[in-house]
Amino acid sequence: REEARRRRRGLASRGADPDDKPWVLREQKRGGKHFIGRKEGSVNTSSSYYVFTVGQDGAFEAYPIQNWYDFVPPVKYNYLNADEAEERFERRNKTLNLFSVMLSKKLRGAEGEE
């Protein structure tokens with residue numbers, strides 16, 4: 001009943017297009033590389049692209065390209081929520097490396113001697 005009401009009003013649901021889903025490429029070996037490919041639109045009508053391969057008899061075979069995908073490695077870090085970002089922003093000027101710690105000790109020692 002709800003679906004019929006939507007169709008009358010022109011709000012028919014579309015099925016998911018499998019071509020719009022991202023591709024996932026993985027190496028078979030353990031710990032292999034992993035890439036996610038997203039469709040970058042279609043190839044222009046004013047240009048055409050082909051992939052050429054050499055067959056076993058030495059002849060070239062040309063395959064036209066209809067879709068273009070951009071493969072990138074997945075994001076391997078976690079995003080900060082608002083509270084964590086604010087906390088990190090407050091600590092942005094605090095440098096806690098060995099050089100700054102040793103320098104502050106040296107400066108405190110020089111002030112104590114004076």
Side-chain angles (χ1 to χ4, degrees):
R1 183 175 172 181
E2 181 68 24
E3 186 66 30
R5 185 182 69 80
R6 286 177 174 233
R7 269 192 242 136
R8 278 195 310 266
R9 295 185 180 185
L11 301 173
S13 61
R14 310 184 285 175
D17 187 13
D19 291 335
D20 292 338
K21 296 190 181 221
W23 286 25
V24 178
L25 297 179
R26 290 188 183 117
E27 285 185 1
Q28 292 294 326
K29 64 182 180 181
R30 188 170 179 89
K33 294 183 180 180
H34 180 202
F35 295 95
I36 297 174
R38 290 187 176 77
K39 196 174 186 180
E40 279 200 0
S42 61
V43 178
N44 291 341
T45 57
S46 62
S47 63
S48 58
Y49 294 95
Y50 290 88
V51 173
F52 290 95
T53 60
V54 179
Q56 291 180 351
D57 59 348
F60 285 103
E61 297 176 2
Y63 299 98
I65 296 175
Q66 286 91 22
N67 298 321
W68 197 270
Y69 288 84
D70 182 29
F71 287 91
V72 294
V75 177
K76 294 185 179 181
Y77 55 87
N78 295 329
Y79 292 103
L80 301 175
N81 62 20
D83 296 331
E84 292 171 340
E86 201 168 310
E87 178 185 331
R88 290 252 178 115
F89 186 74
E90 293 296 326
R91 291 188 293 153
R92 72 186 183 279
N93 291 329
K94 295 181 183 177
T95 308
L96 298 175
N97 57 21
L98 184 61
F99 177 75
S100 64
V101 170
M102 295 306 285
L103 183 64
S104 63
K105 280 185 182 179
K106 209 179 255 190
L107 289 175
R108 273 189 248 133
E111 289 174 4
E113 292 175 2
E114 292 175 4

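Model, not experiment: these values are computed from the prediction. Throughout, numbering of the chain's residues begins at 1 and tracks the sequence. Values reported hereafter were calculated over all heavy atoms of this structure, with side chains retained and with hydrogens, waters and symmetry mates removed.
Between F71 and Y69, the ring planes are tilted. Angles from 30° to 60° get that label.
V75 is not connected to I36 by any chain of hydrophobic side-chain contacts under 4.5 Å among Ile, Leu, Val, Met, Phe, Trp and Tyr, and they are in different clusters.
Between V54 and F60, the closest side-chain pair of non-hydrogen atoms falls below 4.5 Å. By the 4.5 Å heavy-atom criterion applied to side chains, H34 and P74 are counted as neighbours.
Summarising the local packing, CG of N81 is surrounded by more than 12 heavy atoms from other residues, nucleotides or ligands at distances under 6.0 Å.
Contact record, T53 with Y63: OG1-CE1, 3.6 Å, taken as the closest heavy-atom pair. In plain terms, the two heavy atoms of F52 and A62 that are nearest each other are CE2-CB, 3.5 Å.
In this structure, CD on E61 lies 9.0 Å from CD on Q56, to the nearest 0.5 angstrom. Separating the CZ atom in R88 from the CG atom in D83 is a distance of 13.0 Å, to the nearest 0.5 Å. Put simply, NZ on K39 and CG on N67 are 4.0 Å apart, with the number rounded to the nearest 0.5 Å.
Taking the six-membered ring for Trp and the full ring otherwise, F35 and W23 have centroids separated by 6.0 Å or more.
E90 contributes no side-chain N or O that, together with a main-chain N or O of E87, makes up a donor-acceptor pair within less than 3.5 Å.
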